[in-house]
Amino acid sequence: MIACADRRAEPSGDGRTLPGFGKKSFILNYAGGEIWFEHLDGIYGFTELAAEKLCSDSASFRRPSSPSHISFVLDETVVNDELISLIVDLLTKPGKRFMRIAFAGADRSVRRKLKKRLSGNDFAIGFFDGIDPAKEWLTNETL
């Protein structure tokens with residue numbers, strides 16, 4: 001697996017012009033809580049660019065002051081084993097404790113792999129077909 005520090009900022013085809021690559025990830029105040037939305041959607045087959053964006057954003061969402069609830073939006077992006085490994089590494093390495101992690105737009109295979117790799121950690125995991133159900137789940141502490 002290639003860690004974030006090993007990533008190069010070399011272009012991979014035309015993918016840098018895709019709206020998904022330029023989409024900003026952000027903190028959303030919702031229902032009395034805060035959620036980090038990691039937008040990796042709309043990057044299609046440019047998985048290396050998705051990994052580059054994730055690495056770039058990780059400095060923000062791994063800060064101790066960032067929300068402990070995070071949603072990865074994966075619609076219309078090819079999620080391969082390397083990207084899954086990078087997501088798992090960033091969520092499980094020491095320094096930041098996440099409480100709830102939602103994945104929106106992951107297909108059945110990706111869901112299975114993420115669930116297997118992330119189970120046994122001290123956070124809840126949820127898989128959703130859209131952002132709105134993910135927001136509700138992330139902010140509902142009784143689930």
Side-chain angles (χ1 to χ4, degrees), residues 1-10 12-13 15-16 18-143:
M1 190 207 55
I2 299 174
C4 284
D6 301 327
R7 297 240 163 248
R8 292 185 176 86
E10 296 173 7
S12 177
R16 292 182 181 282
L18 288 170
F21 184 70
K23 191 181 290 185
K24 301 290 183 198
S25 298
F26 58 88
I27 295 173
L28 175 71
N29 292 311
Y30 183 77
E34 291 185 327
I35 304 167
W36 177 271
F37 277 91
E38 182 58 29
H39 278 283
L40 299 176
D41 53 322
I43 302 176
Y44 302 98
F46 296 94
T47 308
E48 280 297 314
L49 289 179
E52 180 183 324
K53 184 176 184 319
L54 177 60
C55 286
S56 176
D57 291 346
S58 69
S60 296
F61 72 73
R62 289 197 42 79
R63 284 186 313 224
S65 60
S66 289
S68 62
H69 295 86
I70 185 169
S71 179
F72 288 84
V73 186
L74 303 171
D75 291 303
E76 298 178 340
T77 295
V78 175
V79 181
N80 63 13
D81 289 341
E82 182 182 348
L83 187 57
I84 289 170
S85 292
L86 186 57
I87 291 168
V88 169
D89 179 56
L90 290 169
L91 292 174
T92 59
K93 73 179 185 179
K96 173 68 178 180
R97 184 168 184 259
F98 294 97
M99 300 298 291
R100 287 180 173 233
I101 302 164
F103 294 94
D107 66 24
R108 186 179 307 234
S109 172
V110 171
R111 287 178 186 206
R112 189 182 76 251
K113 290 175 183 180
L114 283 166
K115 189 173 183 177
K116 181 178 180 181
R117 299 276 310 273
L118 290 171
S119 66
N121 288 289
D122 196 21
F123 47 70
I125 306 166
F127 297 94
F128 305 90
D129 291 329
I131 293 173
D132 287 333
K135 288 190 303 191
E136 292 295 326
W137 179 78
L138 285 165
T139 56
N140 187 349
E141 295 296 328
T142 61
L143 293 177

Can you list the residues that meet the side chain to side chain contact (heavy atoms under 4.5 Å, CB included) rule with Asp129, with sequence neighbours excluded? Arg111
NZ of Lys113 to CG of Leu83: how many Å apart, nearest 0.5 Å? 11.5 Å
With distance as the sole test, does Lys96 use its side chain to make a donor-acceptor pair with the main-chain N or O of Ser66 at under 3.5 Å? yes
For a quick test of reading the model, state the closest non-hydrogen atom pair linking Thr47 to Val78 and the distance between them. OG1-O, 3.1 Å
If you take all heavy atoms of Leu86 and Cys55, which pair is closest and at what distance? CD2-SG, 3.7 Å
How far apart are the closest heavy atoms of Asp57 and Ser25, and which atoms are they? OD2-OG, 2.9 Å
Using side-chain heavy atoms (C-beta onward) and a distance below 4.5 Å, is Phe46 in contact with Phe21? no
Close side-chain approach of Ile131 and Phe37, heavy atoms under 4.5 Å: yes
For Ser119 versus Ile125, what's the shortest heavy-atom pair and its separation? N-CD1, 4.3 Å
Under the rule for side chain to side chain contact (heavy atoms under 4.5 Å, CB included), what residues qualify as partners of Glu76, not counting sequence neighbours? Tyr44
Residues that Lys116 engages under side chain to side chain contact (heavy atoms under 4.5 Å, CB included), provided they are two or more places apart: none
Partner residues of His39 under the ring pair (Phe, Tyr, Trp, His ring centres under 6.0 Å) criterion, sequence neighbours left out: Phe26
Looking at CG of Asp41 and CG of Leu18, how far apart are the two atoms once the value is rounded to the nearest 0.5 Å? 11.0 Å
side-chain contact (heavy atoms from CB on, under 4.5 Å) assessment of Leu54 paired with Phe61: CA-CA 10 Å; Leu54 177 60; Phe61 72 73; 3.8 Å; yes
Test item: side-chain donor near acceptor, Asn121 and Thr92, under 3.5 Å: no
Donor-acceptor under 3.5 Å (Asn80 side chain, Glu82 main chain): yes
Can you confirm whether Ser58 sits close enough to Glu38 that some side-chain heavy atom of one is under 4.5 Å from a side-chain heavy atom of the other? no
Just distance, no hydrogens or angles: give the donor-acceptor pairs under 3.5 Å from side chains in residues 101-110, sequence neighbours left out.
from, atom 1, to, atom 2, distance (Å)
Asp107, OD1, Ser109, N, 3.2
Asp107, OD1, Val110, N, 2.8

Could you state the interatomic distance from SG (Cys4) to CG (Leu90), rounded to the nearest 0.5 Å? 4.5 Å
Between Thr77 and Leu40 (side chain of the first, backbone of the second, donor and acceptor by atom type, cut-off under 3.5 Å), is there such a pair? yes
Closest approach of Phe123 to Phe98 (non-hydrogen atoms, all atoms of both residues): CB-O, 3.2 Å
Please evaluate residues His69 and Met99 with respect to the criterion side-chain contact (heavy atoms from CB on, under 4.5 Å), reporting the C-alpha separation (whole Å), side-chain torsions for both, the decisive distance (0.1 Å), and the verdict. CA-CA 6 Å; His69 295 86; Met99 300 298 291; 4.3 Å; yes
Let's go through Leu118 and Val88 carefully: what are the C-alpha distance in whole Å and the side-chain angles of both, what is the deciding distance for side-chain contact (heavy atoms from CB on, under 4.5 Å) to 0.1 Å, and is it a yes or a no? CA-CA 7 Å; Leu118 290 171; Val88 169; 3.9 Å; yes
Derivation and outcome, side-chain contact (heavy atoms from CB on, under 4.5 Å), residues Leu91 and Ile70: CA-CA 10 Å; Leu91 292 174; Ile70 185 169; 4.3 Å; yes
Is there a side-chain contact between Lys115 and Phe127, using heavy atoms and a 4.5 Å cut-off? yes
Considering all heavy atoms, the nearest Leu49-Arg16 contact: CD1-N, 3.5 Å
Main-chain N/O of Gly20 paired to Lys53 side chain as donor or acceptor, under 3.5 Å: no
Residue list, side chain to side chain contact (heavy atoms under 4.5 Å, CB included) with Ala31, at least two apart or on another chain: Thr139
